[in-house]
Amino acid sequence: MSQPARADGAARGPRRAGSLLGGTAVLLTSRGVAGLLSLVGTVLIFHQLDVGTYGSFAFVFTLLGLLGLIADFETTRVVLVELGREGEDRLESIAGRFLVFRVGLGTLGYALAMLVVIVGPYTHTEIQGVAIGGISFFVGSALWSIISVCQAKLWLRVVGGAIVVGAAVQLGVVLALWASGYGTLLRYIGAYVASDAVALVVLLIALRGTFRLRPQVDVASWRRWIVQAAPLAVGSALATLYFRVDALMLTLRLSGETGRVAIALYQIGYKFSDLLAFLAPALMGAVLPLLTRSWPDDRARFHQVIRQAMMLVLIVAAFATTVFAVLAQPLIHTIFGSGGDAAAPSARWLVAGQALNFLTQLVYVTLVSVDRRRRYPFVTLVGLVVNVGLNWWLIPAHGVMGAAIATVVTEVVVLALLVDAVRDLPVWPLPGRAVAVIAVAVSVAGAVAHLVEPVGGWATAGLAAAVVYLGGLHILGVAGPGGLATLLHESRLVVVESPD
């Protein structure tokens with residue numbers, strides 16, 4: 001879909017991503033930077049609050065994360081498909097209707113979050129924390145409705161910039177509170193809400209003159225989106241639960257202060273898992289529009305996009321999982337001090353589970369792109385049942401390690417079931433040679449990290465491992481002759497030659 005020219009001859013809208021790798025790199029870099037800034041803020045908060053209070057802080061965002069799906073109801077995926085297939089003249093209309101719809105869903109999410117903490121066994125401070133943190137349901141809904149438009153048009157640079165600026169302001173507020181000694185649970189929660197608000201303002205400024213955002217009430221469109229998204233929403237709600245419910249189950253199976261300490265340690269692992277989690281939306285934000293444009297008329301292009309996406313996922317996931325497994329203990333000790341040492345074993349498992357989830361997400365967007373939605377809820381329901389059962393059994397005896405192991409086992413079960421759901425689609429053959437090259441390169445990189453860390457520290461070991469890993473991928477030819485250069489060229493082709 002070409003961008004119509006303005007009167008001055010310039011293409012309408014920000015610059016479009018030129019390749020799948022380039023678009024993914026922009027989003028991945030911005031989300032990675034935002035994640036690192038958030039991690040720095042979390043470390044400061046962890047050191048200023050006592051462990052029990054930090055556990056309450058972690059609980060607030062765990063609850064908001066679980067209910068956050070209501071503020072989307074997976075309609076973003078449906079609207080992304082619609083935006084990708086409709087003409088430029090429909091851009092403003094769809095965006096305006098989606099904005100009002102998302103804010104309405106955010107209101108519902110906020111109400112449910114407040115109901116949970118008011119009715120449940122939670123402290124007055126935790127209720128206040130959810131009341132403040134839940135404001136992000138409204139601000140975030142508006143932000144992500146606009147980001148959806150940008151993803152559909154592959155305007156990814158402005159999205160990345162807004163995310164980074166929002167995260168930088170968030171860290172600035174946290175630093176000011178920490179340095180002044182005025183940091184409290186509620187004030188720190190407010191700093192996280194500010195992130196979305198700032199990102200929204202930056203995005204609106206960047207897109208001024210590109211299109212006019214006119215909020216519209218359109219019940220017919222909303223009803224259609226809900227019907228189309230319902231299977232995805234149910235499935236994603238269950239997926240969010242099976243991936244995150246372990247944190248809540250720690251407070252149920254380990255009572256009182258023991259539970260709060262356990263969830264605090266567990267959230268340390270989740271901070272590293274979440275850093276890795278930025279890859280999935282970064283990649284899928286570029287992959288889904290390309291798959292939608294290719295299906296069903298260009299099955300060869302469809303397969304090419306899948307192949308490229310899988311290689312990118314495996315390259316990052318394999319490196320992050322392996323090197324983190326080697327460096328987790330010294331890394332966590334440096335950042336969180338001796339109080340966080342006990343989090344390292346479970347953190348390794350959580351990062352491995354997140355790496356598996358990348359593949360799950362890729363299969364998921366594949367099903368969305370071909371309008372196969374109905375099987376997804378049943379698969380994630382199985383995942384939830386398996387996860388709750390394993391957590392109920394393992395947590396009393398093994399604590400946070402039991403919860404982490406349950407997460408990985410559940411992810412393997414869900415991935416296997418979803419792969420079976422795409423067996424008849426043009427996703428085969430998988431890039432077998434690339435998988436073998438990645439396995440060899442990451443094994444060598446892990447060994448290098450293990451040897452360098454005792455003498456050079458974890459930062460030097462990580463850098464050395466990265467250099468060796470990229471060199472191995474290039475020399476061994478992860479995408480064939482030409483190595484990484486060939487990978488970049490192929491990722492550009494799937495965008496340039498994609499129907500538009």
Side-chain angles (χ1 to χ4, degrees), residues 20 24 74 77 81 231-243 273 276-277 279-288 290-292 294-296 299-318 320-322 349-387 389-390 405-439 442 478-479 494:
L20 178 57
T24 299
E74 281 304 293
R77 306 287 188 183
V81 173
L232 299 179
V234 173
S236 293
L238 294 171
T240 301
L241 283 172
Y242 85 65
F243 203 77
S273 172
L276 191 56
L279 172 64
L283 178 59
M284 302 316 157
V287 169
L288 181 56
L290 294 174
L291 290 177
T292 299
S294 301
W295 183 263
R299 297 169 73 91
R301 181 71 54 201
F302 186 93
H303 175 260
Q304 189 177 5
V305 173
I306 292 291
R307 181 178 180 277
Q308 281 285 305
M310 177 166 286
M311 283 198 290
L312 293 176
V313 163
L314 291 175
I315 286 171
V316 177
T321 303
T322 302
W349 283 82
L350 289 174
V351 168
Q354 190 63 253
L356 287 170
N357 189 255
F358 291 165
L359 296 172
T360 300
Q361 290 294 314
L362 180 57
V363 180
Y364 168 61
V365 298
T366 302
L367 291 172
V368 173
S369 67
V370 299
D371 295 327
R372 292 188 182 181
R373 305 181 177 96
R374 295 187 178 182
R375 187 168 180 177
Y376 185 60
F378 296 102
V379 172
T380 51
L381 176 60
V382 172
L384 179 60
V385 172
V386 170
N387 188 267
L390 289 174
I405 292 171
T407 296
V408 175
V409 173
T410 302
E411 200 61 50
V412 171
V413 172
V414 170
L415 179 59
L417 293 174
L418 285 178
V419 167
D420 182 65
V422 298
R423 64 185 184 279
D424 61 328
L425 293 177
V427 300
W428 317 98
L430 299 179
R433 184 181 183 282
V435 172
V437 168
I438 292 169
V442 81
V478 67
V494 298

List the atom of [X], the atom of [Y], and the distance in Å for their closest heavy-atom pair.
X	Y	result
M310	L359	CE-CD2, 4.5 Å
V478	M311	O-SD, 3.9 Å
H303	P426	CB-O, 3.2 Å

- [ ] First locate atom OG1 of T366, then atom CG of L291, and finally report the distance between them rounded to the nearest 0.5 Å.
- [x] 5.5 Å
Task: Atom pair CG (L418) and CG (L367), whose distance is rounded to the nearest 0.5 Å - done: 6.5 Å
Applying the side-chain contact (heavy atoms from CB on, under 4.5 Å) criterion to [X], which one of [options] satisfies it?
X	options	answer
I405	V409, V408, T407	V409
Q354	V351, L350, N357	N357
V379	L415, T360, L417, V413	L417

Open item on the list: Assess the residue pair L314 and F358 against the criterion (side-chain contact (heavy atoms from CB on, under 4.5 Å)); give the C-alpha distance rounded to whole Å, side-chain angles, the decisive distance to 0.1 Å, and a yes or no.
Closed with: CA-CA 8 Å; L314 291 175; F358 291 165; over 6 Å; no
- [ ] Assess the side chains of Q304 and R301: does a donor N or O sit below 3.5 Å from an acceptor N or O?
- [x] yes
Task: Donor-acceptor contact present, side-chain T321 to main-chain A318, <3.5 Å - done: no
